[in-house]
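Some notes on the structure that comes next.
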Amino acid sequence: MSKGIPTREEDYSAWYNEIVKRAGLAENSPIRGCMIIKPYGYAIWEKMQKALDDMFKATGHENAYFPLFVPKSFLEKEEEHAEGFAKECAVVTHYRLKANPDGKGLVIDEDSELEEPLIIRPTSETVIWNAYKNWVQSWRDLPILINQWANVVRWEMRTRLFLRTAEFLWQEGHTAHATELEAIEETERMLGVYSTFAEEWMAMPVIQGLKTASERFAGAVETYCIEALMQDGKALQSGTSHFLGQNFAKVFDVKFVNQENEQTYAWATSWGLSTRMIGALIMAHSDDKGLVLPPKLAPIQVVIVPIYRDEADLPKIAEKVAPIISELNSKGISVKFDDDDKYKPGWKFAEYELKGVPVRLGIGMRDLENGTIEVARRDELTKETLPMEGIAEYISGLLDKIQQNLYDRALKFREENTFSVDTWEDFKERVEKGGFISAHWDGTDETEEAIKNETKATIRCIPLNSIEEVGECVYSGKPSAKRVVFAKAY
RNA sequence: CGGGGCGUAGCACAGCCAGGCAGUGCGCACGGUUUGGGACCGUGAGGUCGCAAGUUCGAAUCUUGCCGCCCCGACCA
């Protein structure tokens, strides 16, 4: 293995790919556009799942599982939904292979053609709402608050590990409500959950907002999103929550009798967050030495590297660190004691930096004599030698400090790269340099489209907290009531 | 689907122009010396040169066809 990875400065995209591969997060598979998530990458996803799942449960949701296959007729029912996904669907048309009569291998048995093709789910609204039809009769049956953890397939033309793959893992929440207000509240509540997850667990500040009509989920009345800024100045949509109105209830006939004894269509929401977040995590914090993980999502939070010349010294070190490990474990901190003799300490230092382990402890004979231990921080790449006494307590606090530092750093970066722009000249110039651009927009599809064509920047969102401010559209000069956020996006 | 590039050891690649024993680095195996920031020496294993046909005494190298992958564009979380 060669040393070093390309720097962000040299080639941001190569830097990203190298981190994914060299840190052991994922690799390309023989299947075009599909990735193999390796144990270390999957461990991060499991941490994300756990945090999110707990928050879903805390907000009253239950997990369930619906089929991988969607009958073509289901997908067709909601017109906009169908159109939105039609171009990226994998379709199953046969159910049997047979020995090739002309030679080796297998061929599709043409006699096994399905009466109706099955789509591999790009999302599950239709299958789920078809089921909800049978679950809902009375207002007393509502709300239905369900989430599923699943894989989905969207046949993308160009893919990148984690950021865009043909198959990806995600969770999709699908809820049914008796009233419009309740459904909108749910949509906003789950956006809040995503936002909390991004900021408190991923240490990644996000802007909460609404998508414009052109960026809205196919079949939704309103799409809410969280948008984060990556280190190269491009935006990444990191989670979406949709208010679906009664669109799916109407096409799947999900009606209930309300308290006034009237037949009423249920109101829907759906919300999803995917393995793309692992890509976001990488691009938000990592540096030219490799991955930098926030302690709350790091599979290994502390690694201990023993340093010894004589093999007989290793047991002495192991004995000394054993109580530290158990004390850290009792605080819920995951620790790896790397006593592998095949690699030298220097190699291990570099390796754990590449893997983004937040805290590294180094301990050798010198430390045993002095009662000290070396503590290295991944986020700031600093080292200090401290007394072994009370070290577990110190590390526990240090992990919190690192978590906070990563957030503060990312927030500072975003603030320094968010610009308020009022003229078209400034806009064009600013877009080239990257970052979020806050500007007035006249609210029309035409203007949005024109700006996209001329600059490649899109409206990432209309921020929820934006203040009413009279202004003129940066492109058309027409009146505008508030600023929206533009950026080039992934 | 349009434009460009590439298929040679597990990985990264050289060799091809100008046909003549299939190579280098990393990794891997074994032995020894090493170990506070990616150690070193020695020995060794590992290949249908993408596939097929053709030209030739002889093809990784030349010709034709096919297959696959990557990058750039249109589409997208």
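A, B, ... follow the sequence lines: proteins, then strands. Residue 1 opens every chain. Given the structure is predicted, the values throughout are model-derived calculations rather than measurements.
- A:Y490 comes within 4.0 angstrom of nothing in the nucleic acid, heavy atoms only.
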Could you write out each protein N or O paired with an N or O of nucleotides 31-35 of chain B at a distance under 3.5 Å?
unit_1	atom_1	unit_2	atom_2	d
B:rU35	OP1	A:R309	NH1	2.2
B:rU35	OP2	A:R309	NH1	3.1
B:rU35	O2'	A:Y308	O	2.8

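- For the P atoms, the distance linking B:rU48 with B:rC57 amounts to 28 Å, nearest Å.
- Searching all strands for a Watson-Crick or G-U wobble partner of B:rG31 with both distances below 3.5 Å returns B:rC41.
- If you take atom C1' in B:rU24 and the same atom in B:rA14, they sit 7 Å apart, rounded to whole Å.
- In this structure, the nucleotide among B:rC76, B:rG37, B:rG36 sitting nearest to the side chain of A:E88 is B:rC76.
- With rounding to whole Å, A:K342 atom NZ is found 15 Å from B:rC30 atom C1'.
- Comparing B:rC13 with B:rU8, their C1' atoms are spaced 9 Å from each other, to the whole Å.
- Rounded to whole angstrom, the span from the CG atom of A:L354 across to the P atom of B:rG37 amounts to 18 Å.
- Residue contacts for A:R360: at a heavy-atom cut-off of 4.0 Å it reaches a base atom on one of the strands shown.
- Put simply, CD1 on A:I31 is 12 Å from P on B:rC70, counting in whole angstrom units.
- For A:F168 and B:rC76, the CZ to P distance is 14 Å, given to the nearest whole Å.
- Residue order along RNA chain B, read from the 5' end via each residue's closest nucleotide, puts A:G33 first among A:F162 and A:G33.
- The distance between atom CD of A:E215 and atom C1' of B:rC75, rounded to the nearest whole Å, is 12 Å.
- When both pairing distances are held under 3.5 Å, B:rG23 makes a Watson-Crick or G-U pair with B:rC13.
- Using a 3.5 Å distance cut-off with no hydrogens or angles, the side chains of A:Y490 and A:D232 do pair a donor with an acceptor.
- The aromatic rings of A:H81 and A:F248 sit perpendicular, their planes meeting at an angle over 60°, well past the 30° parallel limit.
- Under the 4.0 Å criterion applied to side-chain N and carboxylate O atoms, A:E76 and A:K72 are assigned as salt-bridge partners.
- Using modelled atom types and a 3.5 Å distance limit, the side chains of A:W15 and A:S13 yield no donor-acceptor pair.
- You'll find the ring centres of A:W347 and A:Y352 outside the 6.0 Å limit.
- Of all heavy-atom pairs between A:H61 and A:I146, the closest is CD2-N, 4.4 Å.
- For B:rG47, there is no paired base (Watson-Crick or G-U wobble, both distances below 3.5 Å).
- Nucleotide B:rA60: unpaired (no Watson-Crick or G-U wobble partner with both distances less than 3.5 Å).
- Base pairing of B:rG68 is made with B:rC6, judged by Watson-Crick or G-U wobble geometry with both donor-acceptor distances under 3.5 Å.
- With ring centers used as reference points, A:F427 lies under 6.0 Å from A:F486.
- Look at the P atom in both B:rG5 and B:rC11: the space between them is 25 Å, to the nearest Å.
- Separation of the C1' atoms belonging to B:rG23 and B:rA9 is 11 Å when rounded to the nearest angstrom.
- One cannot find a donor-acceptor pair under 3.5 Å joining the base of B:rG36 and the side-chain atoms of A:K348.
- The aromatic rings of A:W267 and A:F243 lie parallel to each other, with less than 30° between the two planes, well short of the 60° mark.
- What separates CD of A:E27 from P of B:rG10 is a distance of 15 Å, to the nearest Å.
- With respect to the salt-bridge test (charged N to carboxylate O, under 4.0 angstrom), the residues A:E156 and A:K87 do not qualify.
- Base pairing of B:rC1: its partner is B:rG73, meeting the Watson-Crick or G-U wobble criterion (both donor-acceptor distances under 3.5 Å).
- Position along RNA chain B of the nearest nucleotide to A:G364 versus A:T240 favours A:G364 as the more 5'-ward residue.
- Distance A:R164 CZ to B:rA74 P: 12 Å, rounded to the nearest Å.
- When the C1' atom of B:rA74 is taken as reference, atom NZ of A:K456 falls 11 Å away, rounded to whole Å.
- Closest to the A:W347 side chain, of the nucleotides B:rC76, B:rG37, B:rG38, is B:rG38.
- A gap of 12 Å separates the P atoms of B:rU61 and B:rA52, to the nearest Å.
- Comparing B:rA39 with B:rC26, their P atoms sit 13 Å apart, to the nearest whole Å.
- Comparing B:rC76, B:rC75, B:rG38 by their nearest atom to the side chain of A:M157 picks out B:rC75.
- Look at B:rA18: it lacks any Watson-Crick or wobble partner with both distances under 3.5 angstrom.
- A distance of about 24 Å separates the P atoms of B:rG32 and B:rG46, rounded to the whole Å.
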